[in-house]
Amino acid sequence: MNTNTQSLMVDARHVRKSFGSHTVLQDISLEVKRGEVLCLVGPSGSGKSTFLRCINHLEVIDAGRLFVDGQLIGYREHDNKLHELKPQESAAQRRDIGMVFQKFNLFPHMTALENVIEAPIRVKKLSRDAAIIRGRELLDRVGLADKENSYPAHLSGGQQQRVAIARALAMEPKLMLFDEPTSALDPELVGEVLDVMRELATSGMTMIVVTHEMGFAREVADSLAFMDFGVVVERGNPIEVLNNPQQARTQAFLAKVL
């Protein structure tokens with residue numbers, strides 16, 4: 001853990017999380033540099049999604065520390081003790097962290113453009129005119145300039161997920177979290193979402209992606225971590241990990257999915 005902390009976007013130190021008697025994250029220490037794309041892979045139930053939710057304090061950690069851009073997430077530290085932030089303080093931290101879920105979570109009564117501009121207007125107090133200009137730019141960026149007036153029910157799953165990505169980008173986050181963003185999509189729609197994520201990665205966005213898309217991980221990720229039973233079993237260059245995994249648990253998992 002001797003990396004210059006100023007170069008880190010995410011710094012997780014000995015993070016633990018349990019639900020009742022079930023330990024989901026056992027002792028997670030992970031660093032993600034600015035501009036880095038980290039893919040998290042592993043079987044269902046291995047703790048990947050829970051770890052993502054802990055990064056933006058949607059889940060409260062039981063032990064350890066989580067820093068985003070040098071800022072302790074969810075807590076204030078005083079006399080070596082942690083004191084949880086008030087909900088509005090945590091919400092303020094969360095503005096800088098974009099998250100895209102498996103389910104698109106779009107407002108069904110709002111058009112694509114309205115979905116994208118809602119948070120910048122309400123949370124960042126952006127003027128409606130400025131939000132619309134920015135929203136149209138983002139819809140164009142994700143290939144949906146012609147769908148600004150469409151409601152979610154009239155969009156395909158892939159289009160809805162691309163609106164969800166545009167909505168997250170509208171808050172100008174410094175970090176993007178993707179929780180299996182293509183798992184709810186029909187196979188022929190996966191590519192259009194991955195193309196948007198590739199463009200984001202190329203633009204220098206720091207990203208943590210929970211995914212089963214090994215081809216995407218191999219091509220786009222700077223680093224790949226395999227998780228199982230709440231621990232990081234193996235991490236390294238995606239091509240090296242996928243082609244020549246060192247740990248038996250990684251080998252067994254990849255033998256089933258590659």
Side-chain angles (χ1 to χ4, degrees), residues 1-4 7-15 23-55 66 98-102 158 161-162 165 175-258:
M1 303 285 286
N2 57 4
T3 306
N4 180 351
S7 71
L8 297 178
M9 181 59 74
V10 178
D11 184 5
R13 305 177 186 176
H14 305 291
V15 171
T23 300
V24 182
L25 302 176
Q26 296 200 42
D27 186 6
I28 300 288
S29 291
L30 265 181
E31 296 176 346
V32 182
K33 296 177 183 177
R34 297 176 192 279
E36 182 177 1
V37 178
L38 168 66
C39 280
L40 295 177
V41 303
S44 297
S46 60
K48 307 181 302 295
S49 294
T50 298
F51 178 61
L52 274 200
R53 294 174 64 84
C54 288
I55 291 174
L66 261 168
M99 188 156 183
V100 178
F101 301 87
Q102 293 181 41
Q161 192 62 294
R162 284 186 280 156
I165 294 172
L175 169 67
M176 284 286 286
L177 308 175
F178 292 88
D179 187 8
E180 300 192 29
T182 60
S183 64
L185 300 179
D186 292 333
E188 66 268 21
L189 302 177
V190 168
E192 64 192 47
V193 174
L194 294 182
D195 284 345
V196 171
M197 293 170 65
R198 275 189 198 92
E199 188 273 325
L200 266 184
T202 303
S203 75
M205 175 65 74
T206 309
M207 298 162 56
I208 304 179
V209 184
V210 173
T211 186
H212 295 293
E213 300 291 339
M214 297 301 165
F216 174 83
R218 184 191 302 268
E219 176 193 348
V220 177
D222 300 296
S223 181
L224 183 143
F226 170 68
M227 287 180 64
D228 200 12
F229 293 107
V231 300
V232 176
V233 177
E234 186 166 351
R235 179 178 179 178
N237 176 282
I239 295 173
E240 293 175 6
V241 174
L242 293 173
N243 289 353
N244 188 28
Q246 300 300 301
Q247 302 298 319
R249 283 156 74 188
T250 317
Q251 293 167 4
F253 173 76
L254 292 176
K256 295 176 181 176
V257 300
L258 291 179

| field | Leu38 side chain reached by Leu30 side chain, heavy atoms, under 4.5 Å | value | yes
Residue pairs meeting ring-ring contact (aromatic ring centres under 6.0 Å, His included), one or both in residues 181-210, sequence neighbours left out, come to none
Next item on the list: Verify side-chain contact (heavy atoms from CB on, under 4.5 Å) between Val10 and Glu36, making sure each step is shown before the conclusion.
Entry: CA-CA 10 Å; Val10 178; Glu36 182 177 1; over 6 Å; no
Review point. Given Glu192 and Arg162, is the side-chain contact (heavy atoms from CB on, under 4.5 Å) satisfied, shown in steps?
Key: CA-CA 8 Å; Glu192 64 192 47; Arg162 284 186 280 156; 3.1 Å; yes
Heavy-atom closest pair (Leu185 atom, Gly158 atom, distance to 0.1 Å) is CD2-N, 3.6 Å
To the nearest 0.5 Å, atom NZ of Lys48 lies from atom CD1 of Ile28 at 11.5 Å
Student check: side-chain heavy atoms of Leu200 and Phe178 closer than 4.5 Å | yes
Could you tell me if the side chain of Arg235 sits less than 4.5 Å from the side chain of Val241, heavy atoms only?
no
In terms of heavy-atom contacts, Ala217 and Pro238 come closest through O-CB, 3.5 Å
Glu219 meets the side chain to side chain contact (heavy atoms under 4.5 Å, CB included) criterion, sequence neighbours left out, with Arg198
- For Arg249 and Asp228, indicate whether the former's side chain and the latter's backbone hold a donor-acceptor pair under 3.5 Å. yes
Residues Met205 and Val37: closest non-hydrogen pair is O-CG2, 4.2 Å
Checking side-chain contact (heavy atoms from CB on, under 4.5 Å) for the pair Val257/Val41: CA distance, chi angles, key distance, verdict? CA-CA 11 Å; Val257 300; Val41 303; over 6 Å; no
Within a radius of less than 6.0 Å around CZ of Phe229, do more than 12 heavy atoms belonging to other residues, nucleotides or ligands occur? no
CZ of Phe226 to CD of Gln247, rounded to nearest 0.5 Å, is 10.0 Å
Rounding to 0.5 Å, atoms CG (Leu258) and CD (Gln251) come to a distance of 12.0 Å
Working note: Phe216 + Val190, criterion side-chain contact (heavy atoms from CB on, under 4.5 Å); need CA distance, chi angles, decisive distance, verdict.
CA-CA 11 Å; Phe216 174 83; Val190 168; over 6 Å; no
Side-chain contact, heavy-atom cut-off 4.5 Å: Arg53 with Met99? yes
Output for pair (Ile239 CD1, Leu224 CG), nearest 0.5 Å, gives 11.0 Å
Tightest non-hydrogen contact, residues Val232 and Met227, listed as CG2-CG, 4.1 Å
- Task: Look at the side chain of Thr50 and the backbone N and O of Gly47, then say whether any donor-acceptor pair between them is shorter than 3.5 Å.
- Result: no
If only atom types and distance count, is the side chain of Gln161 paired as donor or acceptor with the main-chain N or O of Pro181 below 3.5 Å? yes
Residues passing the side chain to side chain contact (heavy atoms under 4.5 Å, CB included) test with His14, sequence neighbours excluded, are Asp27, Ser29
To the nearest 0.5 Å, atom OG1 of Thr206 lies from atom CG of Leu177 at 10.5 Å
With heavy-atom distances below 4.5 Å as the criterion, would you say the side chains of Val220 and Met197 are in contact?
no
CD of Gln246 to CD of Glu234, rounded to nearest 0.5 Å, is 6.0 Å
The side chain to side chain contact (heavy atoms under 4.5 Å, CB included) partner of Cys39 among Val210, Asp222, Thr211 is Thr211
